[in-house]
There are 2 protein chains.
Amino acid sequence: MIDRFIQICKEANLNITPQRIVIYKELLNHHEHPDAETIYRRVKEQFPTISLATIYKTLDTFVKIGLLSPFRSGAGTTRYDTNIEHHHHLVCIHCDKVIDISHDALANLPIESLPLEDFQVINHQVEIKGVCGDCQKKSKQTMKSQTTN
Amino acid sequence: MIDRFIQICKEANLNITPQRIVIYKELLNHHEHPDAETIYRRVKEQFPTISLATIYKTLDTFVKIGLLSPFRSGAGTTRYDTNIEHHHHLVCIHCDKVIDISHDALANLPIESLPLEDFQVINHQVEIKGVCGDCQKKSKQTMKSQTTN
DNA sequence: GTAGATGCAAAATGTTTGCTCTAAT
DNA sequence: ATTAGAGCAAACATTTTGCATCTAC
């Protein structure tokens with residue numbers, strides 16, 4: 001687990017620092033596509049002297065060595081996905097939650113048969129927008145309280 | 001053309017101001033998913049007293065009445081798409097160019113048959129990442145000049 | 001005349017950078 | 001001992017906000 005991380009760092013000629021370890025562990029434990037600020041808040045509890053700049057630099061480093069993939073959320077922050085396999089996203093338009101989904105029907109799109117002219121394809125990702133279960137419950141509750149008031 | 005715009009504004013109870021007209025015309029004339037800054041630079045040529053804040057507020061307004069759809073580019077700005085029909089994107093990883101594509105094979109994904117549990121789907125969009133024709137040409141030129149030097 | 005829009009400047013975000021000091025190797 | 005990395009503060013880029021002024025209706 002953490003051994004794999006140390007392995008990857010060594011291969012990339014990166015020093016193994018306590019900051020990098022604590023950030024990596026945090027990423028392993030939570031899979032809800034956090035942004036830098038969120039990671040900072042959480043990591044600070046175990047490592048109070050860590051700085052936000054270190055979080056940004058470390059996330060950047062992790063992206064470069066292929067440990068994370070970044071994406072832009074609708075809310076305007078860069079978020080980080082520990083899942084670097086080919087997968088797709090369910091994005092909640094209310095709470096901005098992102099749920100990973102892997103499915104052959106999305107993986108095997110007939111991209112080659114599209115009229116893309118001179119565009120050279122590397123990969124594709126499907127983003128499915130909608131409302132997550134939690135937000136559906138919340139909006140039902142709101143509607144209920146609105147009609148009873 | 002501009003009549004349709006006036007129509008939509010009236011329906012939404014929006015005043016028709018010269019600023020809104022010039023921004024809308026700019027959006028009609030260029031379809032390459034500009035960000036606020038780009039629109040500002042262009043619009044300022046015809047309307048030098050316009051402010052960037054007005055651009056932001058106007059784009060926001062246009063999104064709210066369904067005239068534009070916003071999306072976040074990898075480069076970190078919000079970009080605006082005048083194409084509000086169901087369509088998909090080719091994104092160049094080098095120059096961040098975004099090319100629209102519409103195709104049945106992408107429109108008719110079997111979303112309903114996916115195991116989404118309690119996620120309520122609204123729509124989906126496919127993002128195809130790769131290298132655009134222009135950037136392919138540029139990198140070939142660079143490689144050529146590197147080998148001859 | 002009045003509500004709503006503009007333009008300015010200031011503030012708020014999110015992120016990056018330069019530099020000194022510290023720690024991993 | 002050397003070099004990479006951490007932490008701080010300052011800079012930067014993008015976007016939002018408050019408010020006084022102006023303008024479409």
Side-chain angles (χ1 to χ4, degrees), chain A residues 2 5-26 33-65 67-68 70-80 96, chain B residues 2 5-24 26 33-65 67-80 96:
Chain A
I2 205 73
F5 172 69
I6 290 171
Q7 178 69 27
I8 291 169
C9 283
K10 283 188 177 160
E11 279 167 20
N13 281 313
L14 292 180
N15 287 355
I16 293 144
T17 66
Q19 288 89 340
R20 283 180 180 157
I21 291 173
V22 75
I23 293 169
Y24 182 72
K25 279 190 180 166
E26 176 56 41
H33 313 81
D35 59 12
E37 187 64 41
T38 305
I39 295 165
Y40 177 57
R41 274 200 315 276
R42 295 218 192 107
V43 162
K44 235 169 90 145
E45 287 170 26
Q46 307 151 58
F47 202 120
T49 58
I50 206 165
S51 80
L52 185 53
T54 298
I55 305 286
Y56 274 106
K57 286 172 184 167
T58 303
L59 291 172
D60 231 58
T61 304
F62 286 179
V63 169
K64 283 200 183 102
I65 63 172
L67 224 46
L68 293 175
F71 65 93
R72 294 255 158 203
S73 83
T77 58
T78 302
R79 292 170 58 176
Y80 296 87
D96 218 40
Chain B
I2 206 73
F5 173 69
I6 290 171
Q7 179 70 24
I8 291 169
C9 283
K10 282 188 176 159
E11 279 166 20
N13 282 314
L14 292 180
N15 287 354
I16 292 143
T17 66
Q19 288 89 338
R20 283 178 179 160
I21 291 172
V22 76
I23 292 169
Y24 182 73
E26 176 57 39
H33 313 81
D35 60 11
E37 186 66 41
T38 306
I39 296 165
Y40 177 56
R41 274 201 314 276
R42 294 218 192 106
V43 161
K44 236 170 91 145
E45 286 170 27
Q46 308 150 57
F47 202 119
T49 59
I50 206 164
S51 78
L52 186 54
T54 298
I55 305 285
Y56 274 105
K57 286 171 185 166
T58 303
L59 291 173
D60 229 59
T61 306
F62 286 179
V63 168
K64 284 202 182 100
I65 64 174
L67 222 46
L68 293 176
S69 61
F71 65 94
R72 294 255 158 201
S73 84
T77 58
T78 303
R79 292 171 56 176
Y80 296 88
D96 218 42

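Side chains included, hydrogens not; waters and symmetry mates left out as well; all remaining heavy atoms used. Not measured: the values here are computed from a predicted model. Protein chains get the first letters and strands the later ones, always in sequence-line order, with residue 1 at the start of each.
Put simply, A/Ser51 has no side-chain N or O that comes within less than 4.0 Å of OP1 or OP2 on D/dA6. Phosphate contact (OP1/OP2 of D/dT23, side-chain N/O of B/Thr17, threshold under 4.0 Å): absent. Residue B/Gln19 has a polar side-chain atom (N or O) positioned under 4.0 Å from OP1 or OP2 of C/dG7. For A/Thr49, a side-chain nitrogen or oxygen approaches OP1 or OP2 of D/dG7 to under 4.0 Å.
Side chain of B/Thr38 to backbone of B/Pro34: no donor-acceptor contact under 3.5 angstrom is found. B/Arg20 contributes a side-chain N or O that, together with a main-chain N or O of B/Asn15, makes up a donor-acceptor pair within less than 3.5 Å. Within the 3.5 Å criterion, the main-chain N or O of A/Lys57 finds a donor-acceptor partner in the side chain of A/Thr61. Put simply, the side chain of B/Arg79 gets close to the backbone of B/His33: a donor and an acceptor are under 3.5 Å apart.
If you measure from atom CD1 of B/Ile21 to atom C1' of D/dC25, you get 14 Å, rounded to the nearest angstrom. To the nearest angstrom, P of C/dG4 lies 10 Å from CG of B/Leu14. Atom pair B/Asn13:CG and D/dC25:C1' shows a separation of 12 Å (rounding to whole Å applied).
Within the helix from C/dG1-D/dC25 to C/dT25-D/dA1, the inter-axis angle between the opening and closing five-pair segments is 30°, rounded to 10°.
Contact record, B/Ala36 with B/Tyr80: N-CE1, 4.4 Å, taken as the closest heavy-atom pair.
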Notebook entry, point to check: With the sugar-phosphate defined as primed atoms, P, OP1 and OP2, and the base as all remaining atoms, what B/S/- string results for nucleotides 11-23 of chain C, 5' to 3', for protein heavy atoms under 4.0 Å?
Noted result: ---SBBBB-----
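Contact annotation for B/Tyr40: no contact, since no heavy-atom pair falls under 4.0 Å across all strands.
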